[in-house]
**Q** 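Shown below is the structure under consideration.
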Amino acid sequence: MSNCVQTTHKATMHKPRNDRGLFNPFPSYQFTGSVRPVYPLSPRRPVPKTITHPDWAETGIPRREMRLSRSKWDLLDAKGQQAMRKVCRLAREVLDITAAEVKPGVTTDYLDEICHNACIERGSYPSPLNYNHFPKSICTSANEVVCHGIPDQRVLLDGDILNLDVSLYHGGYHADLNETYYVGDKAKADPDSVKLIETTRQALDMAIEIVKPGVPIREFGKIIEKHAASRGLAVIKTWGGHGINSEFHPPPWIPHYAKNKAVGTCKPGMAFTIEPILTLGANREKYWPDDWTNVTVDGKRTAQFEHTLLVTETGVEVLTARLENSPGGPIPIPEVVNGVADGAANGYANGTADNKS
């Protein structure tokens, strides 16, 4: 889940409904793209008391996180590193279980149910649930939705692209990862969607490749934006990666664009996410009236990928690395991108930095 500010979800009642009781809660809002909210939202899914809850589970306010010093970065000791490895392994399992259900005809609310149940089965709390009052256990962001899409009754269509953003809390530590998936065969046949998704995947992998002690935090954005620009894509600058450990969004802040002012360097024991969002259009966004769903101003599609990383003494460990049987994965980019032969990119698309250590 991208680093975000405190907000409140707005309940909406008494809107025009169709014959199945479904309705658009914001009928007068000027949507920028094809995606529409489909309400009512399902009731909040419970988490057993036997599972450790973060401090926002009841109040919706991450008070401990809000008190953190922005200039103090925590380093994990050996015990903390092992705890992070475990929660990240569980998070990868949950994402893969949820992603396996992505197909035309299912609702994003159904995917939320799958994710929520998979978390509970692993004795884990879904970190987004009630975080700053977010109402669900996963973020589902389709097409022009940049991030923080709320699962609802919208049915996925053949040709959609969908980001699933999963975060878990287990053993006192958080994990965070996301991937963008093709929904049905039409999406894989759309050159722009393939270029967008695979370039974003590559940009994350290329940034991960340079993570090691002593590397400045600001360098990741330079690599990401350069690769995006080479394919005619733009970086969404509002959202960035973040530290992660016993807190969900501690410092540092990780910008994904060039010429950023991030200070500090990577140190052994640091855990953080890199999670670039690229778009086919302008890199500006706006919010739906729910105060969460962030969309592109021009309705153009976006894609995002995220890993939780641990800086080691010699390099980086990708704690949320894809498994051999993980759903999704890279497909070849069309041979010509923006009129330029792209064979080299195809080669990169078939290999990732996931197993770097």
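Counting begins at 1 with the first residue of the sequence.
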**Q** Measuring from atom OH of Tyr181 to atom CD of Glu101, what distance do you get when rounded to the nearest 0.5 angstrom?
**A** 12.5 Å
**Q** Any side-chain heavy atom of Leu310 sitting closer than 4.5 Å to one from Arg85?
**A** yes
**Q** Do the charged groups of Arg44 and Glu58 touch, with an N to O distance under 4.0 Å?
**A** no
**Q** How are the rings of Trp292 and Phe134 set relative to one another: parallel (under 30°), tilted (30 to 60°) or perpendicular (over 60°)?
**A** perpendicular
**Q** Side-chain heavy atoms under 4.5 angstrom apart, residues restricted to Ile, Leu, Val, Met, Phe, Trp, Tyr: same cluster for Phe26 and Val297?
**A** no
**Q** Between SG of Cys88 and NE2 of His170, what distance do you get to the nearest 0.5 Å?
**A** 11.5 Å
**Q** What is the minimum heavy-atom distance between Asp74 and Lys72, and which atoms define it?
**A** OD1-NZ, 3.0 Å
**Q** Side chains of Thr308 and Thr273, heavy atoms from C-beta outward: is any pair under 4.5 Å?
**A** yes
**Q** Establish whether Ile51 and Tyr169 are linked, either directly or via other cluster members, by ILVMFWY side-chain heavy-atom contacts under 4.5 Å.
**A** yes
**Q** Any donor-acceptor pair under 3.5 Å linking the side chain of Asp298 with the backbone of Ala282?
**A** yes
**Q** Against Asp160, only a single residue in Lys186, Arg154, Lys103, Lys188 fulfils salt bridge (Lys or Arg N to Asp or Glu O under 4.0 Å); can you say which?
**A** Arg154
**Q** Has the side chain of Glu198 got a donor or acceptor atom that lies under 3.5 Å from a matching backbone atom of Pro332?
**A** no
**Q** Can you tell me which residue among His307, His256, His242 is in a side-chain hydrogen bond (donor to acceptor under 3.5 Å, both in side chains) with Glu275?
**A** His242
**Q** Less than 4.5 Å apart, any side-chain heavy atom of Asp112 and any of Thr140?
**A** no
**Q** Does the side chain of Ser42 come within less than 4.5 Å of Glu113's, by heavy atoms?
**A** no
**Q** Using side chain to side chain contact (heavy atoms under 4.5 Å, CB included), reason through Lys136 and Arg45 one step at a time and then give a plain yes or no.
**A** CA-CA 8 Å; Lys136 294 297 178 180; Arg45 296 186 165 91; 3.8 Å; yes
**Q** How far does CG of Asp205 sit from OG1 of Thr200, to the nearest 0.5 angstrom?
**A** 11.0 Å
**Q** Cluster question for you: counting only ILVMFWY and a side-chain heavy-atom cut-off of under 4.5 Å, with indirect links fine, are Val145 and Leu157 together?
**A** no
**Q** More than 12 heavy atoms of other residues, nucleotides or ligands under 6.0 Å from CZ of Arg284: yes or no?
**A** no
**Q** Provide the closest heavy-atom pair for Pro135 versus Ile150 in the form atom of the first, atom of the second, distance.
**A** CG-CG2, 3.8 Å
**Q** Apply side chain to side chain contact (heavy atoms under 4.5 Å, CB included) to the pair Thr279 and Glu285, showing each step before the final yes or no.
**A** CA-CA 11 Å; Thr279 180; Glu285 329 95 76; over 6 Å; no
**Q** Taking C-beta and beyond as the side chain, do Val35 and Val295 meet within less than 4.5 Å on heavy atoms?
**A** no
**Q** For the pair Ser141 (side chain) and Gly149 (backbone), establish whether a donor and an acceptor sit closer than 3.5 Å, ignoring hydrogens and angles.
**A** yes
**Q** Is the number of heavy atoms from other residues, nucleotides or ligands under 6.0 Å of Asp185 CG greater than 12?
**A** no
**Q** If you compare all heavy atoms of Pro40 against all heavy atoms of Phe23, which two are closest, and at what distance to 0.1 Å?
**A** N-CE2, 3.6 Å
**Q** Do Leu233 and Leu280 have side chains that approach each other closer than 4.5 Å (heavy atoms only, starting at C-beta)?
**A** yes
**Q** Indicate the ring-plane relationship of His249 and Tyr131, choosing parallel, tilted or perpendicular according to the 30° and 60° boundaries.
**A** tilted
**Q** Would you give the length of the straight line joining atom CG of Leu309 to atom CG of Leu177, rounded to the nearest 0.5 angstrom?
**A** 11.0 Å
**Q** Could you tell me if the side chain of Leu76 sits less than 4.5 Å from the side chain of Tyr173, heavy atoms only?
**A** yes
**Q** If we only count heavy atoms from C-beta on, is the Trp239 to Gln304 side-chain gap below 4.5 Å?
**A** no
**Q** Could you please spell out the steps behind the side chain to side chain contact (heavy atoms under 4.5 Å, CB included) verdict for Trp56 and Phe248?
**A** CA-CA 11 Å; Trp56 58 81; Phe248 196 5; 3.7 Å; yes
**Q** Would you confirm whether Arg201, through its side chain, and Gly329, through its main-chain N or O, come within 3.5 Å as a donor-acceptor pair?
**A** yes
**Q** Find the distance between CZ (Phe220) and CD1 (Ile210) and round it off to the nearest 0.5 Å.
**A** 5.5 Å
**Q** So if you build clusters from Ile, Leu, Val, Met, Phe, Trp, Tyr with side-chain heavy-atom gaps below 4.5 Å, do Leu41 and Val155 land together?
**A** no
**Q** Heavy atoms only: give me the nearest Cys115-Val166 pair and the separation to one decimal.
**A** SG-CG2, 4.2 Å
**Q** About how many Å separate CD1 of Ile244 and CD1 of Ile254, when rounded to the nearest 0.5 Å?
**A** 11.5 Å
**Q** For a salt bridge (charged side-chain N to carboxylate O under 4.0 Å, His left out) check, start with the C-alpha distance between Glu144 and Lys286, then their side-chain angles and the critical distance, and finish with the verdict.
**A** CA-CA 11 Å; Glu144 74 271 14; Lys286 62 183 293 188; over 6 Å; no
**Q** Counting N and O atoms only, with roles assigned by atom type, does the side chain of Glu225 sit under 3.5 Å from a partner on the main chain of Ala258, one being a donor and the other an acceptor?
**A** yes
**Q** Could you go through the salt bridge (charged side-chain N to carboxylate O under 4.0 Å, His left out) check for Arg322 and Asp96 one step at a time?
**A** CA-CA 9 Å; Arg322 289 177 56 83; Asp96 287 352; 5.4 Å; no
**Q** Shared ILVMFWY cluster between Ile274 and Val263, side chains joined below 4.5 angstrom?
**A** no
**Q** Exactly one of Leu22, Thr108, Thr107, Asp109 should register a side-chain contact (heavy atoms from CB on, under 4.5 Å) with Asp152. Which one does?
**A** Thr108
**Q** Keeping His116 on the side-chain end and Pro46 on the backbone end, is there a donor-acceptor pair under 3.5 Å?
**A** yes
**Q** Going through the checks in order, is the side chain to side chain contact (heavy atoms under 4.5 Å, CB included) test met by Arg89 and Arg92?
**A** CA-CA 5 Å; Arg89 175 177 57 81; Arg92 167 51 65 181; 5.8 Å; no
**Q** Please find the pair of heavy atoms, one from Gly281 and one from Ala234, that lie closest to each other, and give the distance.
**A** O-CB, 3.6 Å
**Q** For the side chain of Asn163 and the backbone of Glu179, is there at least one donor-acceptor N/O pair under 3.5 Å apart?
**A** yes
**Q** Would you confirm whether Arg122, through its side chain, and Ala118, through its main-chain N or O, come within 3.5 Å as a donor-acceptor pair?
**A** yes
**Q** Does the Asn143 side chain pair with the main chain of Arg301, one donor and one acceptor, at a distance under 3.5 Å?
**A** no
**Q** Might you point out which heavy atoms bring Ala262 and Ile217 nearest each other, and give the distance in Å?
**A** CB-CG2, 3.9 Å
